[in-house]
Amino acid sequence: MTRRSFLQKSSLVLAMGALSGSLKMFNVSAVQAAADPAFKPHAFLEIAADNAVTVWVGQTNLGQGTHTGIPMVIADELDAAWETVQVRPAPAADPFKDPVWHMQVTGGSTSIRHRWDLLRTVGAAARQMLMEAAAGQWKISVQKCTTKDGRVIHPEGKTLRYGQLALIAATLPVPEKPPLKTPGDYHIIGTPRQRLDIPDKVMGRTVFGMDFTVSGMCTAVVARPPRYGASPESYDEQAAMAVKGVLKVVPLENRIAVCAKTTYAAMKARDFLNIKWSKGTMPELNDTFINTVYQAHLEKKGSAAKNMGDVTAALAEASQTLDQQYKLHYISHAQVEPINCTAHVEKDRCRIWAPTQGPTLAQMTASRLTGLPPEKVRVEILPAGGGFGLRGEPDPVIDAVLLSKDLGRPVKVVYTREDDFSNDYFRPANQSRITAGLDRDGRITAWFHKVAAQSIMMRIMPRQVRNGIDPDAVSGTVDMPYEIPSHYVTYAMVDLPIQVGWWRSVGYSINAFIVESFMDELAHAAGKDPLQFRLDHMEKDSRAYNILSMAADKGGWHNPVPEGRARGIAVTACFESFAAHMAEVSVDKKGSITVHKMVCAIDCGTAVFPDAIRAQAEAGVVMGLSVAFHEKIRFADGGVKTSNYSDYRVLSMSEVPEIEVHIARNNLKAGGIGEPVFPSVAPAVANAVFRATGVRLRELPFQTGLLAKA
Amino acid sequence: MQHHMKKVLSPLKKFSGMTKKWMLYWRISIWKHAMICFSDHRQPQSEQSAAESLTCNAREENHMITLTVNGKKRPVDADPDTPLLWVLRDNLGFTSVKYTCGISECGMCTVLIDGEARRSCIVYVDEVLESDITTIEGLPADHPVKVAWIEKQVPQCGYCQPGIMLQAADFLSREPNPADTQIDAAMDNVICRCGSHPRIKQAMHLAARLAAKQGG
């Protein structure tokens, strides 16, 4: 190549670089936003003079599909042309707060269902204003106008594009109660769409929190106590500083940060700190100790979470009683992107870049630590490599802000995988005991349910713990989809220093396994078909009743089972949705379980984005099976023993069954998706295993040794 | 580096001393800028690290090497015992190569080294000085794996996907018409927490069909 052709080529490349924004198709990744949006009737929505429709989404992109689903709802009511719609991530800001919870948070499967009216209203109001703008131009009454694909249509057929009307529409008042579409008119909601964020994810362009950089940034890893309550007694700062690229060692309360130019230098140097840690507050804590604590709590009276009818009398009068205990261990979120946060604290502002599920909490935390008012704290919500409830915790924000203050430059705090496992806020372990009574006809007359578990709320929102009850610990036990005349639930709060937090579907995640396994045991005791037994205890034609029936029907529950296989079924109602699973399994002589097929039925009200729902349902199966078969955090010597994926197995490709997803179609209010798809997976499998072997698995992860034939 | 310096210096022979120095500085700046534009439309982290290493402590020696990534030679300051993962991510700005476990359990740091999928967290840079390293950006946008991954809407969070796609691409290049059981075996050692497994499998079948069509 000659120098001349080289320079020609490089200038062409420079030119291409400058133009590449406009050459990109809309819908491929972020960022072709209009410089000055002509029409912005709401923080969620902008329409530019060139017809570009920008939807701002303040939820965290965990891959769950909200960053396409939310634009779908708005675009449908707006009657926008889908190809002109693009999505941009909004920072932490008031308009993006959850209307029910009054904070910006991605959790509880609320992104759409808490905004079902709001999103439709935003789109419909904008449409109304555009029609009025056009009607004004044409000097006709607005009732004569219609809209389609980003245009307002005159009764005689001529049209004006939204972009052309934008400036005029911007001068009009925003209607508060515009007419909303009837579901029959939806042409985007409920239709097949491709996710707007997928091309970037496939091309490797997505900048996750872990990938984020800003000028002047350094990276920090923090050495945290290896056992609960331990603090650093001594460390070798010099040895760490001697590592190439290290900038500073910063002691924080009970932990030591190493800041360096590169992530690897920080990780390497942290090892050289050679910290001597104190004994900690509970050096005797290990798996055996934990089990003893839970067993003891099951003997306690506990606090009453529900008390209906007279369980004691009903049990005394029952024809049959059944009494069983269940055990679930602590599990990790194990999200693949390690916890991280970047912060830059300056004199009059603070900027945070994090894949956080709790932007408002991050903003408040930074405000508190810096003394800056919240308006001066900008939180940019980066895409997350999984979250499952862990990324609402403010720990990385705290460390990043403190370190940025100390170093006077941007600091990115990253967790190593080992940090992630030992500092996770685990799904709480649970030991429960149910005693139930059946009458002569095999109907449940009494259900006495004792729950022993740690409390998440005592740490996060203690005011939510009333009369000794953590609502999350008992969700799924006090609100089962079954009619039981005498129903008594008690909760004994386990007090251990283990960090626990919200894990995908929270209390339902745990209690659905217990409830749906025990329902199956009762069905067996009553001599009834497990499906019919459940249906007999549900309100006929209720949504739970219908979704269970659908799963059974689509799974072929009443059809002959293939040789060597057996089926199990389970249902849950949570987060305003209803889901059921049917599992088809076989078990070999060694006790190895093969799940051949999982049939999932989900009723989430209006199914806004069916393909994302299917993807979430598939995800629920994979995660559900992973938790059922493999996952368990181990403790030893006063702290977490599990360190990496090498000792925390998750489901692998060959273990993934055939998955069928059926979505109930109705026009009810949109319900949650991300979490309802999970809880009924494990019990469906456990119930199938019983059918296959006659052995009940009452512990998660499954103790498959119990299944081996002698 | 010396070869490049020769190319830049040769046109300057006719100028006087001071002007020569100034023009040299100017040409190197343009050259550096052009190198960035040649790269994959990204701002390499080396820009920032390079600036910082100019102000680093005297105790820190530079260890300049050249890595060939996606067909282009990239000079970088990296100690020989640094895992390739971190040089790619922190020094060269290829954040598509992910860190998740650091112990080759998950496959998210996978790159192609001379076409073969390897986990870069356990490859040291001095092992690959003569190799062609390919990250996901190095596969063309119409690569069958990329096309299939979009068609089947595989990613959920997407963090694991670049490494998995590269492992899949390598596998499919050796096994162009795989059965389900072969895909299971080939991909059993990757982690995806979001559960995109069913779609990974479907996409690999589709990619195989697309590749067969492309290949003719």
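Naming convention: chains lettered A, B, ... in sequence-line order (proteins, then strands); numbering from 1 in each chain. Values in this document were obtained by computation on a predicted structure and should not be read as measured data.
- Between chain B and the options A:M267, A:Q64, A:Q335, A:E655, the largest number of non-hydrogen pairs under 4.5 Å is found for A:M267.
- The minimum heavy-atom distance between B:C194 and A:A619, with the atom names listed, is O-CB, 2.9 Å.
- Annotation for B:E151: atom CD does not count as buried by contact number, only 12 or fewer foreign heavy atoms lying within 6.0 Å.
- For the set A:T416, A:V414, A:D211, the count of heavy-atom pairs under 4.5 angstrom toward chain B peaks at A:D211.
- Chosen from A:A334, A:G386, A:A265, the residue pairing most often with chain B at heavy-atom distances under 4.5 Å is A:A334.
- Among the candidates A:K201, A:Q616, A:E658, A:K268, the residue making the largest number of heavy-atom pairs closer than 4.5 Å to chain B is A:K201.
- Put simply, CG on A:L651 and SG on B:C192 are 10.5 Å apart, with the number rounded to the nearest 0.5 Å.
- B:K98 touches chain A through its side chain: at least one heavy atom from C-beta onward sits under 4.5 Å away, while N, CA, C and O do not.
- The pair B:D90-A:K261 fails the salt-bridge criterion, with no side-chain N (NZ, NE, NH1 or NH2) lying under 4.0 Å from an Asp/Glu carboxylate O.
- Counting heavy atoms from C-beta outward, B:D79 and A:K244 have side chains that approach closer than 4.5 Å.
- For a residue to count as touching a neighbouring chain, one of its non-hydrogen atoms must lie under 4.5 Å from one of that chain's; by this rule A:R649 does not touch chain B.
- Proximity to chain A is absent for every atom of B:A185, based on heavy atoms less than 4.5 angstrom apart.
- Both the backbone and the side chain of B:Q153 have a heavy atom closer than 4.5 Å to some heavy atom of chain A.
- For B:R199, the side-chain hydrogen bond (donor to acceptor under 3.5 Å, both in side chains) partners at least two apart in sequence or on another chain are A:D611, A:E618.
- Within residues 81-88 of chain B, the residues having any heavy atom less than 4.5 Å from a heavy atom of chain A are, in residue-number order, B:D81, B:T82, B:P83, B:W86.
- Using a 4.5 Å cut-off between heavy atoms, B:M165 contacts chain A through its side chain alone, with no backbone atom that close.
- Of the residues considered (A:V650, A:N61, A:V621, A:L625), A:V650 shows the highest number of contacts with chain B, using heavy-atom pairs under 4.5 Å.
- At least one donor-acceptor pair under 3.5 Å links the side chain of B:R193 to the backbone N or O of A:H333.
- Not a single ring pair (Phe, Tyr, Trp, His ring centres under 6.0 Å) links B:F171 to another residue, sequence neighbours left out.
- With values rounded to the nearest 0.5 angstrom, A:Y645 atom OH is found 14.0 Å from B:S104 atom OG.
- Counting heavy-atom pairs closer than 4.5 Å to chain B, the top-ranked of the candidates A:V656, A:I198, A:V207 is A:I198.
- Residue contact with chain B, scored on non-hydrogen atoms closer than 4.5 Å, involves the backbone of A:A384 exclusively.
- When heavy atoms are compared at a cutoff of 4.5 Å, A:N644 approaches chain B solely by way of its side chain, counted from C-beta outward.
- No more than 12 heavy atoms of other residues, nucleotides or ligands sit less than 6.0 Å from atom CG of B:N177.
- A distance of 8.5 Å separates SG of B:C157 from CG of A:L62, quoted to the nearest 0.5 Å.
- Side chains of A:M203 and B:K146 form a contact here, defined as non-hydrogen atoms less than 4.5 Å apart.
- Of all the listed residues (B:M187, B:Q156, B:H197, B:Q161), the one sharing the greatest number of non-hydrogen pairs under 4.5 Å with chain A is B:Q156.
- How far CD1 of B:I103 is from OG of A:S646: 3.5 Å, rounded to the nearest 0.5 Å.
- Between chain A and the options B:P198, B:P155, B:P162, heavy-atom pairs under 4.5 Å are most frequent for B:P155.
- Between chain A and the options B:I200, B:D188, B:I136, B:V97, heavy-atom pairs under 4.5 Å are most frequent for B:D188.
- The parts of A:T263 that come within reach of chain B are both its backbone and its side chain, each placing non-hydrogen atoms under 4.5 angstrom from that chain.
- For the salt bridge (Lys or Arg N to Asp or Glu O under 4.0 Å) test, residues two or more places apart in sequence or in another chain that qualify with A:K597 are A:E660.
- Of the possible polar contacts, one joining the B:Y99 side chain to the A:R417 backbone as a donor-acceptor pair under 3.5 Å is found.
- Between A:M210 and B:Y159 there is a side-chain heavy-atom pair separated by less than 4.5 Å.
- Only the side chain of A:S626 comes within contact range of chain B, with at least one heavy atom under 4.5 Å from a heavy atom of that chain.
- Within the 4.5 Å cutoff, the side chain of B:N189 has no heavy atoms near those of the A:M653 side chain.
- Both the backbone and the side chain of A:Q194 come within contact range of chain B, judged by heavy atoms closer than 4.5 Å.
- The heavy-atom pair separating A:G204 from B:S96 by the smallest distance is O-CB, 3.5 Å.
- Heavy-atom distances place the side chain of A:F388, and not its backbone, under 4.5 Å from chain B.
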